[in-house]
Amino acid sequence: GRQECQDPRPGGASTTAREPATGEDGDVDRLRLTGYAVAQLFLAVVLIALAVLWIVGGALVVVWVGLGILAGVVPATRWIANLHRSMAARTLGQPVPVPYRPIPRGQGFFAKAGVVVADPMTWRDLAWVFLAPAVGLVVSILVLVLLLGVVTAVIWWFVTPPLMTARAHFDRFFLAYSRTEKLEQRVQALTESRADLVDTSAAELRRLERDLHDGAQARLVALSMSLG
C-alpha cells in the first residue's frame with residue numbers, strides 16, 4: 001500500500017513512499033536499489049561540489065560575496081536532500097517527511113535568510129553534505145562492483161538490500177526528525193504559544209486597569225468642577 005505522512009508543524013510538507021523497494025511479500029527489487037546506488041554515486045560528486053561552495057560561501061560572507069553563494073547553495077542542498085529523502089522513503093517503505101520551516105512570502109531577503117538560519121534542519125543538511133559523499137561513494141561503488149563481477153554477482157544479490165537499507169537509515173538520521181525530536185518541538189511550540197497568550201492577556205488586563213483608572217479619575221475631576 002501507499003504510506004503518507006504529514007509534518008506536524010505548520011507548512012510542513014508531506015512525502016509519500018510510493019512503490020517501496022521491498023514488496024508486501026518480502027521480495028526485494030534489487031535492480032531498483034542498484035539504480036539508487038548509481039544515482040547516489042553521481043549525486044555524491046554533486047555533494048562534494050556543494051560542500052566546497054558551503055566552505056567558500058561561509059568564508060566570504062563577511063564581504064557579502066558569500067551571501068550570494070549561499071543563496072544558491074541552500075536551495076540546491078535542499079533539492080539534493082529531498083531526492084535522498086525520496087529514495088530513502090522508497091527503500092525503507094516508510095515516509096521521510098520534508099521537515100523545513102516554511103519561508104514567508106513577500107518578505108525581504110534578510111527575513112527569509114533569518115528563517116533558514118534559524119531552521120535546525122539547515123544545519124543538519126550541512127552536516128549531511130560533508131558526510132554523505134564518503135558514505136555514498138563507498139556504498140554505491142561496492143554495489144556496482146559486486147554486480148559487474150562474474151563471481152561476485154551472487155554476493156551482490158545478498159548484500160545489496162542491507163547495504164542500501166543502511167544507506168537509507170543514514171540519510172533518514174540526518175534528513176528527518178525522530179519521533180522524540182518531533183515531540184520536543186511540539187512541546188516547545190506549545191510552550192511558546194502559551195507564553196504569548198499569557199503576555200497578551202497580561203497586556204489586555206493592564207489596559208483595562210488603565211482605562212478604569214483614567215475613567216474614574218476623569219469623573220472625579222468633572223464632579224469636583226461641578227461642585228466647585
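For the residue pair Pro161 and Leu33, the shortest heavy atom distance occurs at CA-CD1, 3.8 Å. Taking both residues in full, the closest heavy atoms of Pro104 and Lys112 are given as O-CE, 3.4 Å, listed atom of the first, atom of the second, then distance. Minimum interatomic distance between Leu50 and Ala76 (heavy atoms only, all atoms of both residues): CD2-CB, 3.9 Å. Ser140 and Ala37 get closest at one heavy-atom pair: OG-O, 2.8 Å. Annotation for Pro75 and Ala71: closest pair CD-O, 3.1 Å, computed over non-hydrogen atoms. Closest non-hydrogen pair, Thr165 versus Leu92, comes out as CG2-CD2, 3.8 Å.
Considering only heavy atoms from C-beta on, Val116 stays 4.5 Å or farther from Tyr100 through its side chain. Side-chain contact check for Arg167 versus Tyr36: every heavy-atom pair is 4.5 Å or farther apart. Counting heavy atoms from C-beta outward, Val145 and Thr152 have side chains that stay 4.5 Å or more apart. No side-chain heavy atom of Thr122 sits less than 4.5 Å from a side-chain heavy atom of Leu126. Ile80 has its side chain within reach of Val46: a pair of non-hydrogen atoms, C-beta onward, lies under 4.5 Å apart. Counting heavy atoms from C-beta on, the side chains of Leu41 and Ile141 come closer than 4.5 Å. For the pair Thr34/Trp156, a side-chain contact is recorded, criterion being any heavy-atom separation below 4.5 Å from C-beta on. Contact annotation: the side chain of Gln40 never approaches that of Val139 to less than 4.5 Å [non-hydrogen atoms, C-beta and beyond].
Atom-to-atom distance recorded for Leu83:CG and Met87:CE is 6.0 Å, nearest 0.5 angstrom. For the atom pair CH2 (Trp79) and NE2 (His84), the distance works out to 10.5 Å, reported to the nearest 0.5 Å. Distance CZ/Phe130 to CD1/Ile55: 4.0 Å, rounded to 0.5 Å.
Between the side chain of Arg30 and the main chain of Trp157, a donor-acceptor pair closer than 3.5 Å is present. Proximity of a side-chain donor or acceptor of Ser86 to a complementary backbone N or O of Asn82 within less than 3.5 Å is not detected. The backbone N or O of Ala176 sits less than 3.5 Å from a side-chain atom of Arg124, completing a donor-acceptor pair.
Phe170 and Leu137 are members of different hydrophobic clusters when ILVMFWY side chains are connected at heavy-atom separations under 4.5 Å. Criterion: ILVMFWY side-chain heavy atoms under 4.5 Å apart, direct or through other members. Under it, Val135 and Ile48 are not part of a common hydrophobic cluster. Clustering ILVMFWY residues whenever any of their side-chain heavy atoms sit less than 4.5 angstrom apart, transitively, puts Val38 in a cluster other than the one holding Val159. Leu144 and Leu31 are members of different hydrophobic clusters when ILVMFWY side chains are connected at heavy-atom separations under 4.5 Å. Neither Leu148 nor Leu142 shares a network with the other; the hydrophobic side chains, linked directly or stepwise wherever heavy atoms of I, L, V, M, F, W or Y lie under 4.5 Å apart, form separate groups for each.
Of the charged side-chain nitrogens involved, none lies within less than 4.0 Å of a carboxylate oxygen, so that Asp29 and Arg90 do not count as a salt-bridged pair. Salt-bridge formation is detected for the pair Asp125/Arg85: a Lys NZ or Arg NE/NH1/NH2 atom is positioned less than 4.0 Å from an Asp or Glu carboxylate oxygen.
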- Task: List the steps, then state whether side chain to side chain donor-acceptor pair (under 3.5 Å) holds for Trp54 with Thr77.
- Result: CA-CA 10 Å; Trp54 270 104; Thr77 299; 3.0 Å; yes
